Amino acid sequence: MNKRLLLISILLTDALYAQTLTLQESIDKTLTNHPDIKSFILKIKQSKKSYDAASAEYLPQINLHAEYNPLQTYALPVNGSFHTIEEDGWNVGVNLKQKIWDFSKTSSKIEASKLDEEISQLSLQDAKALMAYKVKSLYALLVIQKESVAVRKKDLETKKAYYAQSKALVKQGLKTKADASRFLSALYLAKDKLAAAKAGYEKAKTTLSLYMAQEIKDDVVLEDNVIKDTSHFDKNIEKMILENNYQMQIDTQNIDKNRLLHKAARASHYGSLDAVASYNHLDTLNSYDSKLVGLTLNIPLYNGGRTTAEAQKAQIGLQMAKEKKVSKILALKEEIQALFIDIKRYAVTIKAKQVQEKAAIQTKKILEARYKEGLSTYIEVLDAISLLLDARLGVLEAYYARRMAINRIQYLKGNISLVNY
């Protein structure tokens, strides 16, 4: 009695301390620890600094300068002619320049830089959604591989039992050695299939562990129901995806950005109006102060066609951004339609495999009874076992394929976590 209580206590303790890993936890830890996500966060900070640098063009530009010449030549008028002398000299001063108007060149670049920051934010969200999609697929694969290992173990146990039974029947003279040899061959094949299933499970577990930056124990408890998704999508899902997809939003922002860059390039033709002020102290042959306050107008007349080429380049960039968005829309529509076709097909496949599994169970029971009575051969029994195994694995594979298609739609819709599932 005490031994039984001790065994129950041990089992309860193991269950209590077994690692439970939910899908949401897997996603959260991956988004926190994966270096790709950290890289996009740094890119946002970099874009923010680029915006600050562009905005600085509208702030006063102040420069301090100093110059010392140990040997400088001066020309002086003496009795109607110029004579030169060589003396040292120095000057120190401060200059201020404030941009007043440049026909929206600077403001357009600042707005484009701001859009760059927003594009970086959208890229981070897209990276998170893509990473969540990968984790969901890995988690589903882990569940499937774990179920596959369980199915393969049951198959191995069945083959072991039949092999032991066949050996006993051979001793009794009721079966031939061919029966036992055939079951032994099936037993070794079952062991190989089980080893392959375990390897697949370990690979999926290792990959997910690397994504999460956390070790996953062998006795981990998973959410088995994640593969049996019952999601129903709104008939306007295609419109929702085209509106919310992060890549589509990025393409829209890129069009606006290129439009602003084109505007800035065209404004370069007109120059700029600046306020300037300076104060200098010079100590050469004479010591004096020099002051300046005024306006300067700079209009480029000719620079070898560089400004025109830059404007044309920006215009081509705008056209390319527009065409890229149109191409992305076509690709998204094609993928969405294909995914919905696949989801409908997988639903039919799941039902068919489930019916096949039920029929295979009945067939296996009948053939097992007939084999014991000598009315069926070992080949028929093994065929029935294989049919049942294929049906069970087929159900799992169909569920997994459907889950993958649903995950893809969730990613295209811009979904990161399990919210709105």
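Keep in mind it's a predicted model, so treat the numbers as computed, not measured. In what follows, residues are counted from 1 in the order of the sequence shown.
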For the residue pair [X] and [Y], what are the closest heavy atoms and their distance?
X: Ser268; Y: Thr307; answer: CB-CG2, 3.6 Å
X: Ala132; Y: Ile27; answer: CB-CG2, 4.0 Å
X: Leu295; Y: Val276; answer: N-CG2, 4.4 Å
X: Pro300; Y: Asn298; answer: CD-O, 4.0 Å
X: Thr106; Y: Ala54; answer: CG2-O, 4.5 Å
X: Val395; Y: Gln354; answer: CG2-N, 3.7 Å

Answer yes or no: are there more than 12 heavy-atom neighbours, outside [X] itself, under 6.0 Å from its atom [atom1]?
X: Lys109; atom1: NZ; result: no
X: Lys324; atom1: NZ; result: no
X: Lys263; atom1: NZ; result: no
X: Lys328; atom1: NZ; result: yes
X: Gln46; atom1: CD; result: no
X: Lys99; atom1: NZ; result: yes

Mind checking the [atom1]-[atom2] spacing from [X] to [Y]? Nearest 0.5 Å is all I need.
X: Glu215; Y: Thr206; atom1: CD; atom2: OG1; value: 9.5 Å
X: Lys97; Y: Thr296; atom1: NZ; atom2: OG1; value: 6.0 Å
X: Leu138; Y: Thr30; atom1: CG; atom2: OG1; value: 8.5 Å
X: Lys257; Y: Leu115; atom1: NZ; atom2: CG; value: 8.5 Å
X: Leu96; Y: Leu64; atom1: CG; atom2: CG; value: 12.5 Å
X: Ser26; Y: Leu208; atom1: OG; atom2: CG; value: 5.0 Å

Taking [X] first and then [Y], would you say they form a salt bridge - that is, a charged N and a carboxylate O separated by under 4.0 Å?
X: Glu397; Y: Lys353; value: no
X: Glu157; Y: Lys153; value: no
X: Glu357; Y: Arg392; value: yes

> Looking at Lys364, Lys358, Lys365, which one forms a side-chain contact (heavy atoms from CB on, under 4.5 Å) with Ile361?
Replying inline: Lys365

>> Holding to side-chain contact (heavy atoms from CB on, under 4.5 Å), I want the full list of residues that pass it with Leu222, two or more places apart in sequence or in another chain.
In response: Leu21, Tyr139, Leu142, Val143, Lys146, Val220, Asp224

> side-chain contact (heavy atoms from CB on, under 4.5 Å) between Ile350 and Tyr399: does it pass, once the steps are laid out?
Replying inline: CA-CA 7 Å; Ile350 289 170; Tyr399 271 126; 3.5 Å; yes

Would you please say whether a donor-acceptor pair under 3.5 Å links the side chains of [X] and [Y]?
X: Tyr411; Y: Asp126; answer: yes
X: Asn69; Y: Glu67; answer: yes
X: Gln337; Y: Glu238; answer: yes

Is there a donor-acceptor pair under 3.5 Å between the side chain of [X] and the backbone N or O of [Y]?
X: Ser185; Y: Ser181; result: no
X: Glu310; Y: Ala265; result: no
X: Asn63; Y: Asn95; result: no
X: Tyr201; Y: Gln145; result: no
X: Asn258; Y: Asn254; result: yes
X: Ser209; Y: Gln214; result: yes
X: Ser104; Y: Ser107; result: no
X: Asn245; Y: Ile241; result: no
X: Ser47; Y: Lys43; result: yes

>> Would Glu335 and Arg408 count as a side-chain contact (heavy atoms from CB on, under 4.5 Å) here? Give the steps.
In response: CA-CA 9 Å; Glu335 185 174 7; Arg408 186 65 183 175; 2.6 Å; yes

> Which is it for Glu117 and Lys114 under the salt bridge (charged side-chain N to carboxylate O under 4.0 Å, His left out) test, yes or no, and what are the steps along the way?
Replying inline: CA-CA 5 Å; Glu117 187 181 346; Lys114 183 63 177 176; 3.7 Å; yes

Answer whether the closest heavy-atom distance between the side chains of [X] and [Y] falls below 4.5 Å.
X: Asp192; Y: Tyr188; value: no
X: Glu243; Y: Lys239; value: yes
X: Thr284; Y: Glu87; value: no
X: Lys136; Y: Gln410; value: yes
X: Ile255; Y: Arg259; value: yes
X: Asp342; Y: Arg402; value: no
X: Val355; Y: Lys351; value: no
X: Lys128; Y: Phe40; value: no

>> Could you go through Leu194 and Val149, starting from their C-alpha distance and side-chain angles, then the distance that decides it, and tell me whether this counts as side-chain contact (heavy atoms from CB on, under 4.5 Å)?
In response: CA-CA 6 Å; Leu194 176 58; Val149 168; 4.1 Å; yes

> Which residue pairs pass the ring-ring contact (aromatic ring centres under 6.0 Å, His included) test when at least one of the two sits in residues 267-293, sequence neighbours left out?
Replying inline: Trp90-His281, Phe103-Tyr270

> Would Glu111 and Ser108 satisfy side-chain contact (heavy atoms from CB on, under 4.5 Å), going step by step from the backbone distance to the final call?
Replying inline: CA-CA 5 Å; Glu111 290 178 34; Ser108 296; 5.7 Å; no

